[in-house]
Engineer: 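Let me begin by handing over the structure; questions about it come next.
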Amino acid sequence: MNPVNYLYLAALLFTIGATGVLIRRNAIVVFMCIELMLNACNLAFVAFSRMHGNLDGQIIAFFTMVVAAAEVVVGLAIIVSLFRSRHSASVDDASLMKL
Amino acid sequence: MSAPLQLAASTTSTGEAFQFWVLGTVAVIGALCTVFMKKAVHSALCLAGTMIILAVFYLANGAYFLGVVQIVVYTGAIMMLFLFVVMLVGVTAADSLKETIKGQRWLALLCGVGFGVLLLAGLGNASLHQFNGLGQANSGGNVEGLATLIFTKYVFAFEITGALLITAAVGAMVLTHRERTERALTQRELAEKRVREGKHVPPLPAPGVYARHNAVDIAGLLPDGTPSELTVSKTLRDRGQIRDVSTEALNDLKALEQRAEERLERTEIEPATFKREASK
Amino acid sequence: MENLIALLIAAPLLGAAVLLTGGRRLDAVGHWIGTLLAGASFVFGAILFADLLGKDAEHRTLTQHLWSWIPVEGFQADVTFRLDQLSMTFVLLITGVGSLIHLYSIGYMEHDERRRRFFGYLNLFLAAMLLLVLADNYLLLYVGWEGVGLASYLLIGFWQHKPSAATAAKKAFLVNRVGDMGLSIAIMLMFTTFGTFAFGPVLGSHEKPGLVTGASEATLTGIALMLLLAACGKSAQVPLQSWLGDAMEGPTPVSALIHAATMVTAGVYLIVRSANIFNLAPDAQLVVTVVGAVTLLFGAIVGCAKDDIKKALAGSTMSQIGYMVLAAGLGPIGYVFAIMHLVTHGFFKAGLFLGAGSVMHGMNDEVDMRKYGGLRKYMPVTFVTFGLGYLAIIGFPGLSGFFSKDKIIEAAFAKGGTEGWILGACALLGAAITAFYMTRVMLMTFFGEERWRRSETPSPAEPSVEPAAETHGEHAEPHPHESPRSMTIPMIVLAFGSVFAGGFFSIGDRFLHWLEPVTGHSHGDAPISAATVTAATVTVMVVGVTIAWLQYGRRPVPVVAPRGSLLTRAARRDLLQDDFNHVVLVRGGEHLTRSLVYVDHTLVDGVVNGTAASVGGLSGRMRKLQNGFARSYAVSMFGGAAILVAATLLMRAV
């Protein structure tokens with residue numbers, strides 16, 4: 001097997017995650033899909049790291065994880081306070097940005 | 001471990017290929033389930049599965065440290081956080097998958113498919129057949145290698161990430177924290193307030209239909225058989241998690257009455273009159 | 001002595017201020033205040049004149065610096081007065097004739113309830129005109145220039161209750177504005193070229209020209225032509241002549257003072273004052289002579305056809321100023337004679353106008369000469385003074401006009417070459433026509449039958465009644481009578497001037513020696529001798545008089561004007577000047593503005609509104625994209641990302 005398959009898998013997972021972001025209304029699920037996309041990227045980074053024979057890709061993946069953790073903390077806090085004020089976790093309910 | 005030898009080659013061992021195809025399929029299925037499960041908790045579980053598989057792939061790709069971190073941080077911490085929030089928001093609430101924005105689903109699918117095809121085509125076109133393998137890079141140990149890089153080349157990024165994490169923690173606290181602006185009323189004070197207002201001098205009615213159900217999420221029935229939301233706690237009311245058993249209860253009652261009637265040979269009570277009186 | 005110069009202006013200015021702000025309290029004495037202050041100004045002028053006479057010819061320039069008007073670095077304008085021989089001449093003419101006309105107006109305006117205001121305006125005019133001729137720089141001159149324009153406007157429209165007077169005032173003001181534009185452009189050109197517009201540095205003296213020598217001929221020609229435009233506006237020269245005829249709507253003393261003797265000659269003053277500019281711009285000088293020649297014929301022809309006595313005199317004024325402009329355009333040959341004719345013309349034309357006013361005064365303000373006739377018996381003083389003015393203007397040998405006009409005609413011939421012949425011929429022809437129309441005025445007014453009597457009271461004894469007279473039936477029959485003393489005295493004084501001024505100036509070349517230090521003089525090379533020219537002038541004068549006598553003296557004058565030839569009819573309409581202006585300027589302007597409005601509405605507004613509408617429509621549609629759903633925005637972002645990937649791949653593939 002060619003290790004490039006890991007990249008194909010990463011692309012597939014990324015696309016699935018992106019589509020999920022667009023389709024789902026529940027903010028938590030949308031968030032999960034974003035995590036999926038980040039994980040797909042990490043997989044690609046790890047595969048590239050192996051491809052180039054150095055550890056920089058893994059470092060980037062590591063940073064991605066840290067940033068994702070921070071993002072999840074803030075994002076979930078936003079979702080919780082949103083739910084508290086609106087009693088709904090639907091992203092469509094927060095549509096006050098239209099005219 | 002024979003990994004360094006294998007990783008140096010441009011192709012992988014049969015074992016790894018087998019592992020890739022089996023676990024890869026499961027990962028894709030898990031991702032799809034994440035997107036298409038109706039309940040958020042199911043989505044979260046599927047995502048956790050996918051992440052564990054990804055951790056395995058990291059290990060297979062020589063990223064031992066990341067593989068472990070993936071399991072500990074992602075599946076362990078982040079996914080638990082997700083589940084925690086899902087529980088807060090309501091674990092039983094199922095989302096409708098019906099699209100409300102016109103054309104959104106088709107546009108999303110079009111974009112997704114187009115993007116995926118482009119990405120895969122781009123990868124296929126790229127000359128990515130040369131895999132150097134991590135044998136040399138991992139020779140001093142994967143964790144040591146990463147540590148060397150993090151604390152030398154990437155030390156500023158690392159420090160900034162630390163600052164980011166602290167900021168995120170503080171931000172989350174600020175966002176979710178609600179300062180209590182007044183002292184909570186004691187039970188006595190609440191009782192006095194009730195008497196002063198004269199609305200609900202006795203305690204609120206309890207939930208449940210006695211002799212049938214006594215769960216807290218089942219609203220008690222009014223004399224005309226409609227459920228009274230007042231009997232259910234406010235949290236469940238807000239989540240919309242009230243179970244309505246009024247029809248079953250009424251049917252049961254009707255059957256009971258019929259049986260009693262047959263047994264006692266009584267005349268029929270006009271339900272309509274009864275209902276009208278009750279509604280007044 | 002210099003300090004008196006400011007008083008020259010201050011006296012009438014004080015009069016204007018007092019009279020215009022004093023209110024009704026001054027109604028009883030206002031006219032005396034005005035006349036007194038005008039007279040005071042004349043006395044100051046006379047004292048200054050005596051002072052100047054006592055000095056050498058070289059030291060006859062007095063300046064008085066009052067204050068710095070615009071003390072900006074690089075733009076210095078001072079209120080400084082300059083009194084030299086040229087200014088002195090004008091000061092005497094303005095204050096002298098002005099005082100006489102003030103005196104005359106006391107009688108003429110006796111029955112006008114707004115007489116005080118009239119005198120206020122007259123004083124204002126005197127102040128402005130004196131400022132004009134005494135200014136030491138062009139900017140101050142411009143102030144006076146606008147001041148006389150204002151006074152002229154106010155006085156033409158003095159009887160503003162008459163729509164014709166109001167319109168005439170407006171017309172005069174507007175036409176003058178064109179000329180004023182020329183003056184302001186000339187001043188700006190001067191400032192950009194020389195950095196200053198004071199007479200001293202710019203012009204220098206005629207022996208030693210100032211900064212003008214340093215400028216290119218093209219610039220000087222531009223400045224000179226702009227000055228000429230200004231002169232055309234103020235002096236009613238072709239093509240800005242159209243206002244003068246209508247200006248006769250004003251009271252007759254105004255016509256005499258402003259629109260005959262003084263203000264309309266300001267253009268001539270401007271040209272002569274700017275002699276050093278014109279001397280270095282021969283092309284502009286040629287234009288000046290052409291304008292002068294055309295105007296002198298134009299005015300003369302118009303004068304022949306008018307039945308309104310004042311309009312006939314207005315045509316004559318135009319024509320005589322044409323002579324002056326022609327002379328001024330001839331350069332050093334003619335400057336002195338232009339001013340000399342200006343002065344003598346000031347006397348006899350003012351006298352003629354005052355005479356006309358006197359006639360009107362006695363004839364119930366009738367101005368149609370065809371309703372005059374035989375008035376010499378009824379107003380002998382007017383007849384004699386008017387007659388002397390008449391003889392002066394036609395150039396009867398020995399009288400003022402003879403000397404000054406003869407000199408101009410000589411100078412025109414002395415210009416030399418073909419130009420000289422053509423200009424001289426024009427001037428001679430003008431002299432003949434002048435003799436003709438002035439004789440016509442004289443005959444129709446003072447000789448012949450008493451048509452006013454016939455026309456107003458038809459009696460069976462006089463069978464040749466004109467039916468058209470019926471239209472004037474509501475008028476009482478006029479009782480021609482001599483005017484009061486206050487009116488006749490100025491006429492007599494002016495008649496003296498008309499008779500003797502020319503001779504006084506010419507004998508021994510007094511005027512030439514007086515003015516030469518300022519304007520310079522050269523004799524030119526006359527192709528024919530002065531005696532020949534004089535003989536020719538007298539001959540054409542006699543011819544003109546004879547023709548007029550044949551037409552108007554021998555035959556009775558019809559009360560209703562005959563239809564006349566094409567030329568006559570055109571001349572009655574001021575040689576179609578208003579029609580020309582109307583067709584070319586008014587219509588042209590209307591069409592221009594209409595087309596501009598059309599372009600503005602369709603093209604400019606179309607573009608602007610179209611842009612706005614399309615942007616509005618586009619935004620209205622774009623707005624629908626903003627549905628507020630975060631997921632929709634996410635789709636567009638994702639689509640954009642897909643396009644970027646596609647673009648990247650494509651670029652790599654290419």
Side-chain angles (χ1 to χ4, degrees), chain A residues 1-9 11-20 22-26 28-29 31-33 35-36 39 42-43 46-47 49-56 58-59 61-63 65-74 76-81 83 87 89-90 92, chain B residues 7 11-12 16-17 20 24 27-28 31-32 34-35 40 43-44 47 50-51 54 57-58 61-63 66 69 73 78 81-82 85-86 88-89 95 100 105 108-109 112 115-116 119-120 123 128-129 131-134 136-137 145-146 149-150 154 157 161 164-165 168-169 171-172 175-176 238:
Chain A
M1 184 198 82
N2 191 330
V4 83
N5 285 345
Y6 285 112
L7 295 178
Y8 289 130
L9 178 65
L12 202 57
L13 290 179
F14 185 89
T15 311
I16 292 170
T19 315
L22 301 182
I23 289 176
R24 293 304 297 260
R25 275 194 301 276
N26 189 335
I28 302 171
V29 180
F31 223 147
M32 286 189 236
C33 292
E35 292 303 314
L36 185 61
N39 270 295
N42 278 354
L43 180 61
V46 169
S49 172
R50 184 183 179 190
M51 191 157 95
H52 295 297
N54 59 33
L55 294 175
D56 292 76
Q58 295 187 16
I59 297 284
F62 170 73
F63 281 127
M65 279 184 192
V66 179
V67 173
E71 178 220 341
V72 163
V73 167
V74 176
L76 288 178
I78 291 174
I79 289 172
V80 166
S81 47
F83 183 79
H87 304 295
S90 168
D92 285 2
Chain B
L7 292 172
T11 54
T12 50
E16 198 189 342
F20 175 79
V28 170
L32 287 173
T34 307
V35 173
S43 288
L47 185 61
T50 307
M51 282 176 174
L54 286 182
F57 283 161
Y58 291 173
N61 276 312
L66 277 186
V69 167
V73 173
I78 295 182
L81 200 57
F82 265 106
V85 173
V86 168
L88 261 183
V89 168
D95 295 346
T100 47
R105 174 162 293 173
L109 284 177
F115 189 81
L119 223 49
L120 294 176
L123 285 172
L128 293 173
H129 305 290
F131 266 65
N132 294 329
L134 279 169
Q136 196 163 2
L146 283 178
L149 274 177
I150 283 175
Y154 293 98
T161 325
L164 181 72
L165 270 177
L175 279 171
T176 50
D238 285 346

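Naming convention: chains lettered A, B, ... in sequence-line order (proteins, then strands); numbering from 1 in each chain.
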Engineer: Give the minimum heavy-atom separation between B:Leu149 and A:Asp56, together with the two atoms involved.
Structural biologist: CD1-N, 4.0 Å
Engineer: Relative to chain A, which segment of B:Ile150 carries a heavy atom at a distance below 4.5 Å: side chain, backbone, both, or neither?
Structural biologist: both
Engineer: Relative to chain B, which of A:Asn39, A:Val67, A:Leu55 shows the most heavy atom pairs under 4.5 Å?
Structural biologist: A:Asn39
Engineer: Rounded at 0.5 Å granularity, tell me how far CG in B:Leu47 sits from CE in A:Met32.
Structural biologist: 7.0 Å
Engineer: Top residue by heavy-atom pair count (under 4.5 Å) with chain A, among B:Val69, B:Leu120, B:Leu165?
Structural biologist: B:Leu120
Engineer: So which of A:Phe31, A:Tyr6, A:Phe83 has the biggest tally of heavy-atom pairs under 4.5 Å with chain B?
Structural biologist: A:Tyr6
Engineer: I need the minimum non-hydrogen distance between B:Gly116 and A:Thr15, along with the two atoms involved.
Structural biologist: CA-OG1, 3.4 Å
Engineer: Counting only heavy atoms closer than 4.5 Å, note whether B:Thr176 contacts chain A via side chain, backbone, both or neither.
Structural biologist: both
Engineer: Write down the atom of B:Ala27, the atom of A:Leu13, and the distance for their closest heavy-atom approach.
Structural biologist: O-CD2, 4.0 Å
Engineer: Can you name the closest pair of heavy atoms from A:Val46 and B:Ala63 and give their distance?
Structural biologist: CG1-CB, 3.8 Å
Engineer: So B:Ser43 and A:Arg24, do their side chains get closer than 4.5 Å, heavy atoms only?
Structural biologist: yes
Engineer: Would you mind checking which part of A:Ala11 comes under 4.5 Å of any heavy atom in chain B, side chain (CB onward), backbone (N, CA, C, O), both or neither?
Structural biologist: both
Engineer: What option among B:Ile78, B:Val28, B:Leu32, B:Leu146 has the most heavy-atom pairs under 4.5 Å with chain A?
Structural biologist: B:Leu146
Engineer: Does the separation of the ring centres of A:Phe62 and B:Tyr154 fall below 6.0 angstrom?
Structural biologist: no
Engineer: Write down the atom of B:Leu123, the atom of A:Leu7, and the distance for their closest heavy-atom approach.
Structural biologist: CD1-O, 3.6 Å
Engineer: Looking at A:Ala61, A:Ala68, A:Ser49, A:Ser81, which one has more heavy-atom pairs under 4.5 Å with chain B than the rest?
Structural biologist: A:Ser49
Engineer: Which answer fits A:Asn54, side chain, backbone, both or neither, if we ask what part of it has an atom under 4.5 Å from a heavy atom of chain B?
Structural biologist: backbone
Engineer: So, taking the atom named CG in B:Leu164 and the one named CD in A:Glu71, what distance separates them when rounded to the nearest 0.5 Å?
Structural biologist: 10.0 Å
Engineer: Flag the pair A:Gln58 / B:Tyr58 as yes when at least one side-chain heavy-atom distance between them is below 4.5 Å, and no otherwise.
Structural biologist: no
Engineer: Look at A:Ile78, A:Ile23, A:Leu36, A:Leu12 and state which one has the largest set of heavy-atom pairs under 4.5 Å with chain B.
Structural biologist: A:Leu36
Engineer: I'd like to verify something: which residue of A:Val73, A:Val80, A:Val29, A:Ile59 has the highest number of heavy-atom pairs under 4.5 Å with chain B?
Structural biologist: A:Ile59
Engineer: Under a 4.5 Å cut-off applied to non-hydrogen side-chain atoms, are A:Asn42 and B:Leu66 in contact?
Structural biologist: no
Engineer: Taking the side chain as everything from C-beta on, heavy atoms only, tell me whether B:Phe57 gets closer than 4.5 Å to A:Leu9.
Structural biologist: yes
Engineer: How close do B:Val35 and A:Cys33 get, counting heavy atoms only, and between which atoms?
Structural biologist: CG2-SG, 4.0 Å
Engineer: For chain B, find which of A:Leu76, A:Val66, A:Thr19 contributes the most heavy-atom pairs closer than 4.5 angstrom.
Structural biologist: A:Leu76
